[in-house]
Colleague: 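Let me begin by handing over the structure; questions about it come next.
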Amino acid sequence: MRVSKMFMATQREVPADAEIPSHQLMLRAGMMKKVASGIYSFMPIGLRSYKKVENIIREEMDKAGAQELIMPAILPSEVYQASGRWDKFGPEMFRLLDRGGRQFCLGPTHEEPFTETVRDSIRSYKQLPVTLYQIQHKYRDEKRPRFGIMRCREFVMKDAYSFDADEAGLDISYQTMYKAYCSIFDRLGLDYIVVDADSGAMGGSGSQEFMVKNSVGEDGICYCDSCGYAANEEKATCQVLPSSREEAKDMTKVHTPNVKTIEELMAFMNSAPSSFAKTILYNIDGKIVGVMVRGDREINETKLANLYDATEMTLASFEDVERVTGAKVGFAGPCNLKEKIEIVIDNEVSSMNNFIVGACETDYHLMNVNIGRDFTPTHIEDVRTAVEGDACPKCGKPLSICRGVEVGHIFKLGTKYSKALNCNYLDRDGKENPMIMGCYGIGVGRTLAAVIEQNCDENGIKWPVAVAPYKAIVVPMKTNDDTIMGLANEIYETLLNDGVEVIIDDRNERPGVKFKDADLIGIPVRINVGRRAGEGIVEVNYRQSGEMVELDTLSAIEAVKNLK
RNA sequence: CGGGGUGUGGCUCAGGUGGUAGAGUGCUUGCUUCGGGAGCAAGAGGCCGCGAGUUCGAGUCUCGCCACUCCGACCA
């Protein structure tokens, strides 16, 4: 391709509404264009990289024995009704009516149609296992699209579904996908980390996320450098360190006027946060529950929701808090409650004694409270979020915390969908059983954005060769010099004939403009043809390393071909 | 869904107290340039987000709506 003919527009200025490097660079490099919030067009240069990611995924999935097919993006409501998700998805699902008034949606995820398809085609254990996948657009009316293609409303996802006769089979299918995912992200040159993830409302026996460390990531990752433990913050646990136990003292009520927050309480009492336990009231499926964690800790709502198998959980309303505690918000505690409610205490709180809590009386706290003597918890569980420095649950060394972008998620689904949709098979004994399912997703666009996040500098993108829109660019310094143009064209044609993805910047622009554009769109290797063209000498510049060497024409061509 | 912000050439933005729109960049043309986004000159390009209202007159004031965006909540 000749750059003079390319449909490409780079931008010098940073678009006003792009916050993170990958978003800014994708817009500046002219890879994509926003059409509406969270909805983007891909331009030729962007599409080339996009397809590279897709193809790497496709190759590794095929290698792992998964078979590609494609489902409609638009699906009738019945498909999601049997599983109950037509209602559960709520406003996040794009819904539409056909001319006859029948309800459809744009598929947000495809467990149901895959399950139906397999149900209708497979009857025997002899036909199992099978893993199917598609690379298809998904639609979710996100409350808040952001960060360009990191989180958008129309996005491409590779989603795969495995169907096995038993749990042992699922384990094998799952491991196969795990390995395929590692190969994919390795080939993309991503620095990633695999973390244990919360299974959430999906149930199932296990789930892991492939995370790319990044400060704008929407997930917190807890990991241990010593033993390799890694988990999503939602799921991460830690050891409870034994605290020094004092002899139980008499409980006393303290007047604490207008002291509501832990910070105010610390200042007022002149004590460490570890001597307080805060009590937060939640409304869990209509039931008010008190949850206690150490004063300086955060309640982990995912863990709490799992404990109660909650479908709807919010902080209790002010009215509920005042009714249950008999005090203004800020003075809740486990003692003297006006209504009998369940109390969940965090593991860490269970090791504390003589601590301070709200008195359930406006402007009062209780000192020297002790579990068992002063109140009895309903549950003692891990309900707090692990923080930097907590003891690793496996080895006890300090945990680290960072942010991450979820690029892949593998999931043991079990029988949730096969049971709901009667996706059964006949076993050796002629007995009918539900298939055991797994599902495996990779966000294609998000992965592409993650590659950019990890491969860029102030001048633009630094594509790994595997994802670069073109591998090489030939830059003639002057377009009106026959020697230079002749040699540049010769190199270009040779590379083209040798199957190298190469472009030639034949625009009548100053060299600086061409360099800036080549750097911005991130072509891995640039061949400058200039001053020494007459001697057959050119420059080979590497975008990743910034390295530059002068070589004769043939060596330069070899260098480009050898670049991996 | 709560709270904030912004809508003006393709892009980034300026336009006290109302008088029919500007800059930079990009684009076109010419000349001079030519190794890291050149210089000069001449051009093209705007329903000032939409709709009402006030006014002789609204980019500007009032009200309503919409879109985009940031923070939070939420997120198979």
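In what follows, chains are A, B, ... by sequence order, proteins preceding strands, each numbered from 1.
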Colleague: Return the nearest nucleotide to the side chain of T10(A); candidates are G72(B), G36(B), G37(B).
Modeller: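 Among G72(B), G36(B), G37(B), the one nearest the side chain of T10(A) is G37(B).
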Colleague: Select base, sugar-phosphate, or nothing to describe what E301(A) touches, counting heavy atoms under 4.0 Å on all strands.
Modeller: sugar-phosphate
Colleague: What's the closest nucleotide to the side chain of A16(A) if the choices are G72(B), G37(B), C13(B)?
Modeller: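 Looking only at heavy atoms from C-beta outward on A16(A), the closest nucleotide is C13(B).
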Colleague: Within the 4.0 Å heavy-atom criterion, would you say P15(A) contacts the bases, only the backbone, or no part of the nucleic acid?
Modeller: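 If one applies the 4.0 Å heavy-atom cut-off, P15(A) turns out to touch the sugar-phosphate alone, with no base involved.
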Colleague: Give, for atom CD of Q208(A) and atom CG of D196(A), the distance between the pair rounded to the nearest 0.5 Å.
Modeller: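 One gets 5.5 Å once the value is rounded to the nearest 0.5 Å.
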Colleague: Just call it for N459(A): base, sugar-phosphate, or nothing, with non-hydrogen atoms closer than 4.0 Å on any strand.
Modeller: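 Here N459(A) touches no strand at all.
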Colleague: Hey, does R532(A) reach any base, or is it just sugar-phosphate, or nothing, if we go heavy atoms under 4.0 Å?
Modeller: nothing
Colleague: Using the side-chain heavy atoms of R146(A), tell me which of these nucleotides is nearest: C71(B), G37(B), C68(B).
Modeller: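 Nearest listed nucleotide: C71(B).
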Colleague: RNA chain B: V513(A) or R151(A), which has the more 5' nearest nucleotide?
Modeller: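 Nearest nucleotide further toward 5': that of V513(A).
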Colleague: Rounding to an integer number of angstrom, what distance separates C34(B) and C47(B) when you compare their P atoms?
Modeller: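 One P to the other, the span is 41 Å.
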Colleague: Starting the side chain at C-beta, find the nucleotide from C74(B), G35(B), G36(B) nearest to D519(A).
Modeller: G36(B)
Colleague: Can you tell me the Watson-Crick or wobble partner of A58(B), both distances under 3.5 angstrom?
Modeller: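 Partner of A58(B): none.
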Colleague: Reading RNA chain B from 5' onward, which residue's closest nucleotide shows up sooner: E13(A) or R153(A)?
Modeller: E13(A)
Colleague: Determine whether the aromatic ring centres of residues F411(A) and Y161(A) are separated by less than 6.0 angstrom.
Modeller: no
Colleague: I'd like to know if the side chain of D141(A) and the backbone of R95(A) have a donor-acceptor N/O pair within less than 3.5 Å.
Modeller: no
Colleague: Please give, in whole Å, the distance from C71(B) C1' to I20(A) CD1?
Modeller: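 For the pair I20(A) CD1 and C71(B) C1', the rounded distance is 16 Å.
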Colleague: Students often get this wrong, so: under 4.0 angstrom with heavy atoms, is S37(A) touching a base, only sugar-phosphate, or nothing?
Modeller: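 If one applies the 4.0 Å heavy-atom cut-off, S37(A) turns out to touch the sugar-phosphate alone, with no base involved.
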Colleague: Report yes or no: does N232(A) contribute a side-chain atom to a donor-acceptor pair with the main-chain N or O of K235(A) at less than 3.5 Å?
Modeller: no
Colleague: Which one is paired to G45(B), where only Watson-Crick or G-U wobble pairs with both distances under 3.5 angstrom count?
Modeller: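 No nucleotide pairs with G45(B).
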Colleague: Please work out if K514(A) contacts a base, only the sugar-phosphate, or nothing of the nucleic acid, heavy-atom cut-off 4.0 Å.
Modeller: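 Touches nothing.
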Colleague: Looking at U69(B), G36(B), G26(B), which one has an atom nearest to any side-chain atom of R12(A)?
Modeller: G26(B)
Colleague: Can you check whether G438(A)'s main-chain N or O pairs, donor with acceptor, with S162(A)'s side chain at less than 3.5 Å?
Modeller: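 At least one qualifying donor-acceptor pair exists.
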Colleague: Counting the atoms with a prime plus P, OP1 and OP2 as sugar-phosphate, which does E19(A) contact under 4.0 Å by heavy atoms, base, sugar-phosphate, or nothing?
Modeller: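 Touches sugar-phosphate only.
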Colleague: Please classify the nucleic acid contact of M157(A) as base, sugar-phosphate, or nothing, using heavy-atom distances under 4.0 Å.
Modeller: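 It contacts base atoms.
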Colleague: Which value, in whole Å, describes the distance between the C1' atoms of nucleotides G2(B) and G10(B)?
Modeller: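 Their C1' atoms lie roughly 36 Å apart.
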